[in-house]
Number of protein chains: 2
Amino acid sequence: MFCGIVVPTGRHRQNDAAEGEFSVTIRLPWVDAMTVAVSSDSLISPRAPGASLKSEFVAFKVNRIVEAASHLFYERGYSSCTLDNVASELSVTKPFLYSYFRNKEAILAAICEVGISEALAVLEDVLAHDHGSHRARLAEVVRKVGRIVIDRQEYVVVYQREMKHLSADDYKRILRLRHSFDHQIGEMIREGVASGEFREDIDPFIAVWIGGLISWIPTWYSASGQRSAEEVIEYLVQAALRLAGAE
Amino acid sequence: MFCGIVVPTGRHRQNDAAEGEFSVTIRLPWVDAMTVAVSSDSLISPRAPGASLKSEFVAFKVNRIVEAASHLFYERGYSSCTLDNVASELSVTKPFLYSYFRNKEAILAAICEVGISEALAVLEDVLAHDHGSHRARLAEVVRKVGRIVIDRQEYVVVYQREMKHLSADDYKRILRLRHSFDHQIGEMIREGVASGEFREDIDPFIAVWIGGLISWIPTWYSASGQRSAEEVIEYLVQAALRLAGAE
DNA sequence: TGTAAAAACTACTAGCAGGTAGATATGTTT
DNA sequence: AAACATATCTACCTGCTAGTAGTTTTTACA
């Protein structure tokens, strides 16, 4: 709609009530990172119900910024990539970015949050449902998280490499998400061992090794390479089960 | 000796012949990255035989620079870390660095080369000796490379994260080393499968998964953490053998 | 079509960081 | 001790980049 960022929609309509409600969350014009991951639609998460068209516009633009920045941060590194680079990638100008993000670091925080919050959501979804066995549950978590790190490849790599540039507050917030994820994975494996489905003689920190398998994928996987994402994920699941001694 | 970089030696002696010979390799004062990894002593590789005392001084200072830069690049990232930071870490000045390295990127190249060239040396050493079985040979390679990535933790992480900032030439040179390493590991595993010692139904790219296990260690291992390096390495070997189906 | 509000832009600043020229200090040899 | 060579430093330049103030353009709606 504006300057290369075309909002995909039909008619514009003002919804004052909804806008008022939502401004608590969106905090225009300083959209903070937390909100980004939750409120954006197509790329990052489902449309927030009850959001006004206007806030959807904002979420859409925020998303496009995060997407473009993620790609450039991935290629050139966070510190070497200028906001002018990001802006020109989107055919907008730097002050445009500043009307959606407090500063450069806030864009990074939004990127870092994508991968980990999606992984956490998937994990909690799997844990909430019954899968018959601990083995099946582990396989399902690994399969889904594997899918995320492949789909969000650039986000994940940027997160891994550039997290040190986050402000203290953002760093703590994102680390909390990460710890919650790690903790739940660890628990899941402990339960599998206790149930007798996984071998008892495995490394008590086996979750770390499985995490390595998964975390390393985004650095070597190439969408244009020989192996399809599906193939990689199947072998990943096989490798994870073998590490857990649950073949 | 000068300004915080104390060369640990007794007397100074001039050895014109040796100096002349060596200047081919050392190329004073523009020591390039290749030479660094080969010519430096205590930290990176054994003393080059026949080197003059003078060239040892140079190698020592180059080493100290690489060490300090590696640490700061690890903590702050390559692009965010200034050469003034590196210089003040060593209590020297920026032009001092420039008399040992062509530019900032050359320091990065030296860092990147440490881990991969050591790993390659270890791999070729293991392959040159008989280990009785393919299983034992794989275990030995994994054990030794695991030790390197732990000992050279910061170097390896900087390499993984910052390689994109290398000049095209340095990039190509270091990537060649890396490819040679990957290729030989792949061959080793193929031989193990062919011999019947490893399972046949494993992922043909299993070396990539084992590589992930190893490459991920430097990002989570902490020398001050609960687990000793030896313990981590033993579990690493166990995990690698299990992935190869060679328990 | 006119008008007010929102969105985006142009043009700028201040500070920083890579890199260098020339001065100074240190060591060596006779 | 003088003279030369080497090593290191001081002081600077230049280009770049995060962030901003104020102006212009676009949109929504009467």
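Chain letters run A, B, ... following the sequence lines, proteins first and then strands; every chain starts at 1.
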B/T82 vs B/K94, side chain to side chain contact (heavy atoms under 4.5 Å, CB included): CA-CA, chis, key distance, verdict:
CA-CA 9 Å; B/T82 73; B/K94 194 162 49 175; over 6 Å; no
Taking the six-membered ring of A/Y78 as reference, does the cationic atom of A/K164 (NZ for Lys, CZ for Arg) lie under 6.0 Å from its centre and within 45° of its axis?
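Checked: cation-pi criterion not met.
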If you measure from the Lys or Arg side-chain nitrogens to the Asp or Glu carboxylate oxygens, is any gap between A/R178 and A/D182 under 4.0 Å?
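So A/R178 pairs with A/D182 through a salt bridge.
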Ignoring the backbone of [X], work out which of [options] is nearest its side chain.
{"X": "A/T82", "options": "C/dA17, D/dA18, C/dA7", "answer": "D/dA18"}
{"X": "B/F96", "options": "C/dG19, D/dC9, C/dA11", "answer": "D/dC9"}
{"X": "B/Y98", "options": "C/dA8, C/dG18, D/dA11", "answer": "C/dG18"}
{"X": "B/V92", "options": "D/dC9, C/dC9, D/dA18", "answer": "D/dC9"}

What is the separation between atom [atom1] on [X] and atom [atom2] on [N], rounded to the nearest whole Å?
{"X": "A/F57", "N": "C/dA8", "atom1": "CZ", "atom2": "C1'", "answer": "16 Å"}
{"X": "A/L97", "N": "D/dT17", "atom1": "CG", "atom2": "P", "answer": "15 Å"}
{"X": "B/N103", "N": "C/dG19", "atom1": "CG", "atom2": "C1'", "answer": "9 Å"}
{"X": "A/I107", "N": "D/dA18", "atom1": "CD1", "atom2": "C1'", "answer": "11 Å"}
{"X": "A/R102", "N": "D/dA18", "atom1": "CZ", "atom2": "P", "answer": "17 Å"}
{"X": "B/R76", "N": "C/dA17", "atom1": "CZ", "atom2": "P", "answer": "10 Å"}
{"X": "A/E105", "N": "D/dA18", "atom1": "CD", "atom2": "P", "answer": "13 Å"}
{"X": "B/D84", "N": "D/dT10", "atom1": "CG", "atom2": "C1'", "answer": "12 Å"}

Residue pair B/R173 / B/E113, side-chain heavy-atom distance below 4.5 Å
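Result yes, sub-4.5 Å side-chain heavy-atom pair found.
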Only one of A/I174, A/V156, A/I148 clears side chain to side chain contact (heavy atoms under 4.5 Å, CB included) with A/I116; which?
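Among the candidates, only A/I174 passes.
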Side-chain N,O (B/Y100) to OP1/OP2 (D/dT8) below 4.0 Å:
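Checking B/Y100 against D/dT8: at least one side-chain N or O falls below 4.0 Å of OP1 or OP2.
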Just N and O in the side chain of A/K61: are any of them under 4.0 Å from OP1 or OP2 of C/dA8?
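So the side-chain polar atoms of A/K61 do come within 4.0 Å of the phosphate oxygens OP1 or OP2 of C/dA8, strictly under.
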Does any N or O donor sit under 3.5 Å from an N or O acceptor when you compare the side chain of A/K94 with the base of D/dA18?
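When only heavy-atom distances are counted, A/K94 does reach the base of D/dA18 through a donor-acceptor pair under 3.5 Å.
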5′-ward residue of the pair B/T93/A/L83 relative to DNA chain D
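The residue whose closest nucleotide sits nearer the 5' end is B/T93.
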